[in-house]
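Below: the structure, in structure tokens.
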Amino acid sequence: MPAGRPFYITTPIFYVNDVPHIGHAYAEVAADVLARWHRQAGDDTWLLTGTDEHGQKILRTATANGATPKEWTDRLVAEAWHPLLKTIDMSNDDFIRTTDERHESAVKAFISKLHDDGFIYEAEYGGLYCVGCEEFKPESEILDGDGEFAGQKVCAIHGRPLELLQEKNYFFRMSQFQQQLLDLYKERPDFVQPESARNEVVAFVSQGLQDLSISRSTFDWGIPLPWDESHVLYVWVDALLNYITAIGYGADSANFERRWPAYHLVGKDILRFHAVIWPALLLAAGLEVPAGVFGTGWLLVGGEKMSKSKLTGIAPSEITDTFGSDAFRYYFMRAISLGQDGSFSWEDLAARYQAELANGFGNLASRVVAMVRRYFDGVVPASGAVQAADEAVAATVAAAAAAADAAIERFAVHEAIAAVWEIVDVLNGYVTEQEPWALAKDETQRDRLATVLYTAAEGLRALAVLLSPVIPKATTKLWSALGVEGALGALAAQPLRDAGRWGRLPAGVVVGELEALFPRIDDAR
RNA sequence: GGGGCGGUAGCUCAGCCGGUUAGAGCAGAGGACUCAUAAUCCUUGGGUCGCGGGUUCAAGUCCCGCCCGCCCUACCA
């Protein structure tokens, strides 16, 4: 068992009815980078993702497509969602589906406990029902009628009058957790991040909490309530429980104890479910609340929120087909601050790819490796007497590594990358100033040349390690070209928190050929 | 209506508890160099810090009002 402290992080689970777009992929990548970082730093890491497959919408689509809901979701998972993970190079440790038997049985155990302990009761639910939509309408889809329907409430979609219907429902006594939740937000100010998200949650809970209807009986695509199988569990409760059912709640207590609690990375649109309903459910069940809930921002395209309904949705593969998964990961993690909305544009993506990945990092690796091969037949020389400029490089590496780790600790992935990129910039400047090509022309400067190239190569070694959580494919190529696998082991095994310690690259390793890490893309959009 | 967040160079953004001539990256202009992916390095032009008041010796940075954008104000995943 890894010795490090536990780090369990989850992504939102995908509602399989959607088509994957870069918004989904963005959240996945963010969680993946954090997980890879912690994993490589030696923490006892677990990254969970998965799919949310119940609910009326899925039942409807499946039926419309002439399939059973299970056939339909199996197909979507196989054709759209599993492939997405490959597309963006995820390193998830598990993938849970809410249709998994392990999930359903654990959900039943959880909900039975709440029921047995008196947190669930039966009551009439009165709501405005739209015959056209065949469902109860939320406040946001109810309008005041005019014309012939003046004085009545009408459906925002169909424009027809709504009927007041009663339905027997089971309710969760969420209202009694209001104070506990407020205390939680107060005692742990970083429970909900960023602060703007926290403000909204606190404001919401302060207004007062109502009990939550947690069952539906108008359709059957869901998990039946153990004590009343004519009802299925409300999809959101079903979905939230994935975070504990996946790690053995009710089935493998040792593993559950080892992993829980988790950090939840979620889009800010579903923040409330995670920061209010979810902790309330956990409190009721006598479990620990999450370690934290981090709300990510929207991706803006052309200044507007990217959405599935509008045509601004972009498939991740559209980007990776041209730029590759590393560039996808790098771009979204570098250009956007995790908790804020971020602008996406093809121009910006292409510009950063060219300037930062190709000309910055890629070319640096290329020129250093080429010089070691040209001037020392590929054998990394031992460093000679060290000068101030060399020490400055070592100091930059140490500072960058420390700053990056601290930033990751705060979920500030973009700051971590910016910190590491200092090394790229400093190293490019160092090489240009030291002019190894000039030193190479003078036999008496042989020792100096060795020192300069060792310094540059050692800098690359640190970069490979520090960037491996973000651009795993490119750094693996670099690691292989540096020829250190035999001496230091695999890249993924390099202790991340030691990456900044100078001099780990052993002299004498043989550098191999290095293909362009990020080839120029002339057809940039 | 109530609340939150944001409005800083062409673009994307930093600017913590108020303090010297407001910063970075990219884009633009000029120069150096050749190891490298026509890459790199240096220099450089460019901003009424949304608008109007106020507090202060001093405000992008605090207070008030206003304008603009996005979001929340419960049971759609």
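What's counted below: heavy atoms across the whole structure, side chains too, no hydrogens, waters or symmetry copies. Chain A is the first sequence line, chain B the second, and so forth, proteins listed ahead of strands; every chain is numbered from 1.
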Pairwise [atom1] distance for [N] and [M], with rounding to whole Å:
N: A59(B); M: C49(B); atom1: P; value: 12 Å
N: U48(B); M: C42(B); atom1: C1'; value: 32 Å
N: G7(B); M: G45(B); atom1: P; value: 26 Å
N: C13(B); M: U21(B); atom1: C1'; value: 23 Å
N: A9(B); M: G50(B); atom1: C1'; value: 15 Å
N: C76(B); M: C67(B); atom1: P; value: 34 Å
N: A32(B); M: A22(B); atom1: P; value: 32 Å
N: U40(B); M: G46(B); atom1: P; value: 25 Å

Which atom names give the shortest non-hydrogen contact between Phe219(A) and Gln56(A), and what distance separates them? CE1-N, 3.6 Å
OP1 or OP2 of [N] sitting under 4.0 Å from any side-chain N/O of [X]?
X: Ser343(A); N: C11(B); result: no
X: Arg334(A); N: U12(B); result: no
X: Gln178(A); N: A74(B); result: no
X: Asn199(A); N: C5(B); result: yes

So what does [X] touch, heavy atoms closer than 4.0 Å: a base, only the sugar-phosphate, or nothing?
X: Gln207(A); answer: sugar-phosphate
X: Ile270(A); answer: nothing
X: Gly295(A); answer: nothing

Aromatic plane relationship, Phe361(A) with Phe518(A) - under 30° parallel, 30 to 60° tilted, over 60° perpendicular: tilted
Heavy atoms under 4.0 Å is the rule here; annotate nucleotides 33-40 of chain B 5' to 3' with B where the base is hit, S where only the sugar-phosphate is, and - elsewhere. SSBBB-SS
Using whole Å, report how far [atom1] of [X] lies from [atom2] of [N].
X: His414(A); N: C13(B); atom1: NE2; atom2: P; value: 11 Å
X: Gln340(A); N: G15(B); atom1: CD; atom2: C1'; value: 13 Å
X: Glu167(A); N: C75(B); atom1: CD; atom2: P; value: 15 Å

Are any protein N/O atoms closer than 3.5 Å to N/O atoms in nucleotides 68-70 of chain B? If there are, list each pair with its distance.
none

Short side-chain to backbone donor-acceptor contact, Tyr430(A) and Ala392(A), under 3.5 Å: no
Check: Tyr330(A) ring centre within less than 6.0 Å of Phe323(A) ring centre: no
Residues in side-chain hydrogen bond (donor to acceptor under 3.5 Å, both in side chains) contact with Asn17(A), at least two apart in sequence or another chain: Thr61(A)
If you draw the axis of the six-membered ring of Phe294(A), does the NZ or CZ of Arg410(A) fall within 45° of it and under 6.0 Å from the ring centre? no
For Ser337(A) and for Ala197(A), locate the closest nucleotide of RNA chain B by heavy-atom distance; then report the residue assigned to the nucleotide nearer the 5' terminus. Ala197(A)
Any ion pair linking [Y] and [X] (charged N to carboxylate O, less than 4.0 Å)?
X: Arg97(A); Y: Asp74(A); result: yes
X: Asp341(A); Y: Lys268(A); result: yes
X: Asp228(A); Y: Lys168(A); result: yes

Ignoring hydrogens and geometry beyond distance, is a side-chain donor-acceptor pair present between Asn169(A) and His231(A) at under 3.5 Å? no
